[in-house]
Undergrad: 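Handing you this structure, nothing more for now.
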Number of protein chains: 2
Amino acid sequence: MSTDAPGRRQVTLRDVAQLAGVSVATASKAINGKAEVSPDTRRRVLDVAERLSFTPNALARAMLEGHTGTVGLLTHDLEGRFSLPILMGAEDAFGAGRSSVLLCDSRGDAIREQHHLSTLLGRRVDGLIVVGSQTDARPPLGRDLPVPVVYTYAPSTDPADASVVPDNVTAGRIAVEHLLATGRRRIAHVSGDITYAAATDRAAGADAALAEHGLERVGPVRYGSWSEAWGRSSVAALLEQDVDAIVCGSDQIARGVLDALHDRGVRVPDDVAVIGFDNWEPMIAGCRPALTSIDMNFQMMGRRAAERLFASLEGRDPGGVETVTPRVIVRESTGG
Amino acid sequence: MSTDAPGRRQVTLRDVAQLAGVSVATASKAINGKAEVSPDTRRRVLDVAERLSFTPNALARAMLEGHTGTVGLLTHDLEGRFSLPILMGAEDAFGAGRSSVLLCDSRGDAIREQHHLSTLLGRRVDGLIVVGSQTDARPPLGRDLPVPVVYTYAPSTDPADASVVPDNVTAGRIAVEHLLATGRRRIAHVSGDITYAAATDRAAGADAALAEHGLERVGPVRYGSWSEAWGRSSVAALLEQDVDAIVCGSDQIARGVLDALHDRGVRVPDDVAVIGFDNWEPMIAGCRPALTSIDMNFQMMGRRAAERLFASLEGRDPGGVETVTPRVIVRESTGG
DNA sequence: TAGCGTCCCGAAAAGCGTTTCGGTCACTTT
DNA sequence: AAAGTGACCGAAACGCTTTTCGGGACGCTA
């Protein structure tokens with residue numbers, strides 16, 4: 001059994017030392033730029049290391065130093081278009097800080113999550129980031145974990161845990177304020193599944209912004225599903241009253257709404273403005289006219305989660321829930 | 001500085017042994033189910049281990065055994081909707097085989113890729129999977145790597161390397177054969193960027209299938225971009241001749257085509273059948289009528305890549321390019 | 001019952017690859 | 001000549017598994 005199919009045994013520091021005619025200790029110092037090595041010895045060691053393409057064994061180093069430079073990323077679903085940007089942001093932040101990411105997908109299954117957790121703990125990750133699949137709070141990973149944990153997208157039910165979540169209330173507020181700023185006054189709202197905190201939070205923020213301007217929403221918030229079909233089919237009801245703007249709970253819903261308005265000959269943005277949430281590129285790309293949308297800054301969330309994890313490692317993260325502020329991306333559908 | 005902010009030092013096998021009143025060696029054997037331990041000693045050790053929630057240090061074990069149970073996943077873009085399913089499939093296969101995935105995103109940058117490569121090598125991954133961003137071949141990671149590598153989505157330019165790629169030629173063939181089987185004869189083709197092998201390969205397969213039935217494509221293959229806009233704007237030209245089916249290079253293009261056909265009052269599938277590629281759920285979901293599409297089986301590609309990597313580890317992978325066969329998902333747009 | 005061989009539980013030690021600490025030795029400075 | 005300096009080496013340590021080995025219990029024979 002030739003397990004070493006490609007390129008034999010990994011070359012170790014001892015090999016380098018031996019070939020350079022010095023001790024392992026000296027070789028180590030030479031390679032790590034320590035001072036107590038004469039210039040030509042260093043040069044000789046470095047040459048040999050180069051020639052053997054020596055790569056120090058990070059595992060051995062980790063055992064000494066007590067930390068691995070490795071972080072566990074525990075996600076609930078990899079398909080989700082929300083977890084992806086978060087993952088990117090985190091990977092970005094870690095990459096810069098020379099940490100590597102150990103990725104685990106629990107497929108939304110608590111058993112699998114626990115299994116992955118113990119695997120990661122066994123690999124001695126320095127910390128964990130948990131990416132939820134909904135914005136609703138989730139039970140913490142466990143009590144007395146030996147490493148810090150940052151929850152993102154979905155906060156932990158324990159408010160003392162470190163969580164980084166999107167600010168859906170502010171998102172709703174921003175959407176309405178943008179519409180008001182562009183002269184709209186009669187604003188209706190169609191959203192997704194009412195059991196999602198994202199839907200109700202956005203609606204609450206939108207209503208609050210309206211109230212602050214002495215206005216009221218036109219009609220009820222029409223909750224349904226997060227689909228284009230729902231957006232399309234709800235247009236008839238939305239147009240029963242006189243409206244000049246429609247807030248849509250997601251880009252998909254918005255796209256359905258745009259579609260139905262187009263079919264009915266309602267002009268966007270001239271007759272009605274439309275705004276969505278999530279700023280999901282591939283969905284936006286096909287919209288006619290181009291859709292104004294609230295970007296939840298998911299990538300920033302990932303980055304913040306990573307930063308807070310670093311802070312925790314140094315014992316200087318206070319814990320608690322942090323929200324990431326969304327921003328509006330203005331396009332044609334609100335008459336920019 | 002209290003680096004150990006949460007829950008002190010990790011508990012080691014020595015702690016367990018000490019508390020159980022046995023030697024480390026005995027504790028090890030008790031925990032790993034080795035034979036030479038008396039039943040009640042084992043029970044005692046196991047109890048203590050449980051109580052301290054002892055987790056064996058995978059790093060220490062890795063140093064002994066010579067392999068880490070860790071695999072590097074080097075992707076070019078995390079946004080890409082193609083790399084995701086591949087990643088899922090691989091994660092799936094590894095999870096089952098108790099390997100963990102170290103994720104690195106090179107953002108399409110060769111420098112970053114090399115940097116990640118050396119990091120992964122330093123962490124002594126057992127193997128590597130490289131996920132490309134286009135189906136065009138890419139230069140291999142490097143010569144004489146100490147671990148096996150499997151390239152996926154984009155094959156390595158070295159045909160001896162192990163690669164797993166989608167079979168775009170067969171995909172084109174399957175699309176046309178499905179249309180022929182449902183009675184279509186006058187088939188046009190609109191596709192994306194001509195510089196993508198995916199576009200030209202699919203067209204080649206489609207033409208070959210037509211030729212085998214003594215037919216010819218209606219009009220040229222209209223290459224453009226992978227966007228809905230291109231699909232929409234090319235419909236006029238496509239309809240200049242009498243067609244009863246349109247093969248679209250991607251689901252996005254197909255959606256644009258459907259949209260434009262709808263606006264012109266052309267009925268789908270009654271007048272014209274439409275078929276796309278990629279079977280991309282969120283894009284498909286909004287189509288009216290529901291879009292028939294060729295699923296490239298990306299998840300399967302990821303799984304196969306993982307399986308071949310395992311095979312390589314055991315020295316029993318022959319290398320070479322392997323294609324994954326796509327399948328047609330029939331929906332309304334082809335009149336199923 | 002003493003003496004001998006056998007068996008098995010469990011302790012001790014080696015080894016994985018690296019960093020670091022405490023020496024050693026030769027050479028220079030005062 | 002004593003002290004100081006610089007360059008290098010040996011060994012310990014990290015946490016675990018594995019191999020080796022010691023010693024106690026047990027069974028058999030005389």
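These numbers come from a predicted model, not from an experiment. Chain letters run A, B, ... following the sequence lines, proteins first and then strands; every chain starts at 1.
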Undergrad: With the threshold set at under 4.0 Å for non-hydrogen atoms, list the residues of residues 54-65 of chain B touching DNA chain C in residue-number order.
TA: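 Result for residues 54-65 of chain B: B/M63, B/L64, sorted by number.
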Undergrad: Quick one: CG on B/L59 to CZ on A/R123, what's the gap to the nearest 0.5 Å?
TA: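 B/L59 CG to A/R123 CZ: 8.5 Å, rounded to 0.5 Å.
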Undergrad: Name the nucleic acid region contacted by B/G122, choosing base, sugar-phosphate or nothing; use a 4.0 angstrom heavy-atom cut-off, strictly under.
TA: nothing
Undergrad: Sort me out a list of protein N/O and nucleotides 19-22 of chain D N/O pairs below 3.5 Å, or just none if empty.
TA:
none

Undergrad: Between D/dT18, C/dT18, C/dA11, which nucleotide has the shortest distance from any of its atoms to the side chain of A/L13?
TA: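 Of D/dT18, C/dT18, C/dA11, C/dT18 is nearest to the side chain of A/L13.
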Undergrad: Tell me the interatomic distance from A/Q18, atom CD, to D/dC9, atom P, rounded to whole angstroms.
TA: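 Nearest whole value for this atom pair: 12 Å.
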Undergrad: Among residues two or more places apart or on two chains, list those pairs meeting ring pair (Phe, Tyr, Trp, His ring centres under 6.0 Å) that have a residue in residues 135-159 of chain B.
TA: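 Sorted result for residues 135-159 of chain B: B/F82-B/Y153, B/Y153-B/F298.
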Undergrad: Kindly say if B/T26 contacts the phosphate of C/dC9, meaning a side-chain N or O under 4.0 Å from OP1 or OP2.
TA: no
Undergrad: Rounded off to whole Å, could you give me the CD1-to-C1' distance for the B/I31 and D/dG15 pair?
TA: 12 Å
Undergrad: C/dT18 P sits how many Å from A/H67 NE2, rounded?
TA: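 It works out to 17 Å between those atoms.
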Undergrad: Between A/V147, A/L102, A/V71, A/T70, which is the residue that forms a side chain to side chain contact (heavy atoms under 4.5 Å, CB included) with A/L120?
TA: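 Answer to the side chain to side chain contact (heavy atoms under 4.5 Å, CB included) test with A/L120 among A/V147, A/L102, A/V71, A/T70: A/L102.
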Undergrad: Rounded to the nearest 0.5 Å, what separation is found between the CG atom of B/L84 and the OG1 atom of B/T75?
TA: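 Answer rounded to 0.5 Å: 8.5 Å.
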Undergrad: Is there any ring pair (Phe, Tyr, Trp, His ring centres under 6.0 Å) pair reaching into residues 86-140 of chain B, and which pairs are they, with sequence neighbours excluded?
TA: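 Residue pairs passing ring pair (Phe, Tyr, Trp, His ring centres under 6.0 Å), neighbours aside: B/F94-B/F310.
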Undergrad: Is the phosphate of D/dA7 approached by A/R42 (side-chain N or O, under 4.0 Å from OP1 or OP2)?
TA: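 So the side chain of A/R42 is outside the cut-off, no N or O lying under 4.0 Å from OP1 or OP2 of D/dA7.
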Undergrad: Would you kindly give the CG-to-P distance between B/D40 and C/dC8, to the nearest whole Å?
TA: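 Computing the B/D40:CG to C/dC8:P distance gives 17 Å.
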Undergrad: Can you measure from CG (B/L87) to CG (A/L103) and round to the nearest 0.5 angstrom?
TA: 6.0 Å
Undergrad: Restricting to non-hydrogen atoms, name the atom on B/S156 and the atom on B/S163 that form the minimum distance, rounded to 0.1 Å.
TA: N-OG, 3.2 Å
Undergrad: Just checking, is any N or O donor in the side chain of B/R124 or B/H67 under 3.5 Å from an acceptor N or O on the other one?
TA: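 No, B/H67 and B/R124 have no side-chain donor paired with an acceptor closer than 3.5 Å.
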Undergrad: Just N and O in the side chain of A/S38: are any of them under 4.0 Å from OP1 or OP2 of D/dG6?
TA: no
Undergrad: Distance check, rounded to the nearest 0.5 Å: A/N32 atom CG versus A/R61 atom CZ?
TA: 5.5 Å
Undergrad: Apply side chain to side chain contact (heavy atoms under 4.5 Å, CB included) to B/R43 and list each qualifying residue two or more places apart in sequence or on a separate chain.
TA: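 Partners of B/R43 by the side chain to side chain contact (heavy atoms under 4.5 Å, CB included) criterion, ordered by chain and then number, come out as B/D47.
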Undergrad: Roughly how bent is the helix from C/dT1-D/dA30 to C/dT30-D/dA1 end to end, in steps of 10 degrees, with each end axis from five pairs?
TA: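 Inter-axis angle at the termini of the helix from C/dT1-D/dA30 to C/dT30-D/dA1: 70°.
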Undergrad: Name the residue from B/R107, B/E113, B/R112 that meets the side chain to side chain donor-acceptor pair (under 3.5 Å) definition with B/H76.
TA: B/E113
Undergrad: For A/D15 and C/dT18, give me the distance from atom CG to atom P, rounded to whole Å.
TA: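 Rounding to the nearest Å, CG of A/D15 and P of C/dT18 are 9 Å apart.
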Undergrad: Please determine if a side-chain N or O atom of B/T12 lies less than 4.0 Å away from the OP1 or OP2 oxygen of D/dG15.
TA: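 Negative; the distance criterion is not met.
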Undergrad: Kindly say if A/S28 contacts the phosphate of C/dT19, meaning a side-chain N or O under 4.0 Å from OP1 or OP2.
TA: yes
Undergrad: When the distance from CD of B/Q10 to C1' of D/dC14 is rounded to whole Å, what number comes out?
TA: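 In whole Å, D/dC14 C1' lies 13 Å from B/Q10 CD.
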Undergrad: Can you tell which of A/D126, A/I129, A/L313, A/L128 makes a side chain to side chain contact (heavy atoms under 4.5 Å, CB included) with A/P148?
TA: A/L313
Undergrad: For B/R14 and C/dA11, what is the distance between atoms CZ and C1' respectively, to the nearest whole Å?
TA: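 These atoms are roughly 14 Å apart.
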